[in-house]
Amino acid sequence: MLAGLSVAGGAFASHALKDRLSDRFLEIFETGTKYQMYHALALILVALLLNSQENTPITMVGAGYAFIIGILIFSGSLYALSLTGIKWLGAIAPIGGAALIIGWLSLAIAAWGIK
């Protein structure tokens, strides 16, 4: 679902928003869609790994939640910033970025323990 929404968001930006947003805000919106897609794919990887394991590593579950939270906060704040022009919304993006990093670290820790 998140991957499909990323595609829809990218199409929306390139068609409906290209004449309404400045180049800078369009670039910000597109960054949100890219990171959403990357991490939607990471969530698919997490799901595949979870389904292949008898015992669910808590770090794997944590990675999935961190990716979801990161997408919502990082991409969501970039979408809101680009659509509203409210600059302080850009200060929220690093919180989402930290969640995405935590997701990758958790995934790496979980993968290290897979036998």
Side-chain angles (χ1 to χ4, degrees):
M1 182 169 145
L2 288 170
L5 288 173
S6 176
V7 173
F12 177 68
S14 67
H15 297 291
L17 297 178
K18 75 176 184 178
D19 295 331
R20 296 177 183 205
L21 297 180
S22 69
D23 288 342
R24 179 68 184 132
F25 282 139
L26 193 58
E27 180 182 330
I28 290 168
F29 193 95
E30 290 173 349
T31 297
T33 61
K34 287 178 195 174
Y35 276 75
Q36 181 175 334
M37 178 59 81
Y38 300 150
H39 292 90
L41 296 174
L43 278 168
I44 292 169
L45 174 63
V46 167
L48 291 171
L49 290 171
L50 283 172
N51 283 330
S52 71
Q53 300 300 304
E54 288 182 26
N55 297 323
T56 302
I58 190 71
T59 50
M60 186 75 68
V61 174
Y65 281 116
F67 288 143
I68 292 168
I69 291 166
I71 289 169
L72 293 174
I73 296 173
F74 183 82
S75 294
S77 67
L78 294 184
Y79 298 147
L81 168 62
S82 64
L83 294 172
T84 66
I86 300 172
K87 299 206 187 284
W88 64 263
L89 290 168
I92 297 171
I95 297 167
L100 296 173
I101 292 167
I102 289 167
W104 286 110
L105 289 172
S106 297
L107 181 59
I109 291 166
W112 185 280
I114 293 175
K115 296 176 181 165

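Basis for what follows: all heavy atoms, side chains included, without hydrogens, waters or symmetry-related copies. Keep in mind that what you see is a predicted model, and the values were worked out from it rather than measured.
To the nearest 0.5 Å, atoms OG1 (T31) and CG (L26) are separated by 9.5 Å. Taken from CD1 in I69 to CD1 in I102, the straight-line distance is 9.0 Å, to the nearest 0.5 Å.
For the ring-ring contact (aromatic ring centres under 6.0 Å, His included) test, residues two or more places apart in sequence or in another chain that qualify with Y35 are Y38, F74. Taking I86 as the reference, T84, W88, L89 meet the side-chain contact (heavy atoms from CB on, under 4.5 Å) condition, with sequence neighbours excluded. The side-chain contact (heavy atoms from CB on, under 4.5 Å) search around A110 returns P57, T59, M60, not counting sequence neighbours. Taking R24 as the reference, E27 meet the salt bridge (charged side-chain N to carboxylate O under 4.0 Å, His left out) condition, with sequence neighbours excluded. With sequence neighbours excluded, the residues that form a side-chain contact (heavy atoms from CB on, under 4.5 Å) with L2 are Q36, A40, L43, I71. For T56, the side-chain contact (heavy atoms from CB on, under 4.5 Å) criterion is met by L50, V61, not counting sequence neighbours.
Each of I109 and I58 belongs to its own hydrophobic cluster when Ile, Leu, Val, Met, Phe, Trp and Tyr are linked at side-chain heavy-atom distances under 4.5 angstrom. In the hydrophobic clustering of this structure, L81 groups with I95; members are Ile, Leu, Val, Met, Phe, Trp, Tyr whose side-chain heavy atoms approach within less than 4.5 Å, directly or through other members. Tracing side-chain contacts under 4.5 Å through hydrophobic residues (I, L, V, M, F, W, Y), one reaches I68 starting from I92; they form part of the same cluster.
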Can I get a per-line list of side-chain donor-acceptor pairs under 3.5 Å for residues 8-21, giving both atom names and the distance, sequence neighbours left out?
| residue | atom | partner | partner atom | Å |
| --- | --- | --- | --- | --- |
| S14 | OG | G10 | O | 3.3 |
| S14 | OG | A11 | O | 3.2 |

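The stretch residues 44-72 participates, sequence neighbours left out, in these ring-ring contact (aromatic ring centres under 6.0 Å, His included) pairs: H39-F67, F67-W104.
A63 and L107 get closest at one heavy-atom pair: CB-N, 3.7 Å. Taking every heavy atom of both residues into account, A99 and A66 meet most closely at O-CB, 3.4 Å.
Between the S6 side chain and the T33 main chain, a donor and an acceptor come within less than 3.5 Å of each other.
Other residues sharing a hydrophobic cluster with M37 under the 4.5 Å side-chain heavy-atom criterion for ILVMFWY residues are V7, L41, I44, L48. Hydrophobic cluster membership for L105: I101 (Ile, Leu, Val, Met, Phe, Trp, Tyr linked by side-chain heavy atoms under 4.5 Å, directly or transitively).
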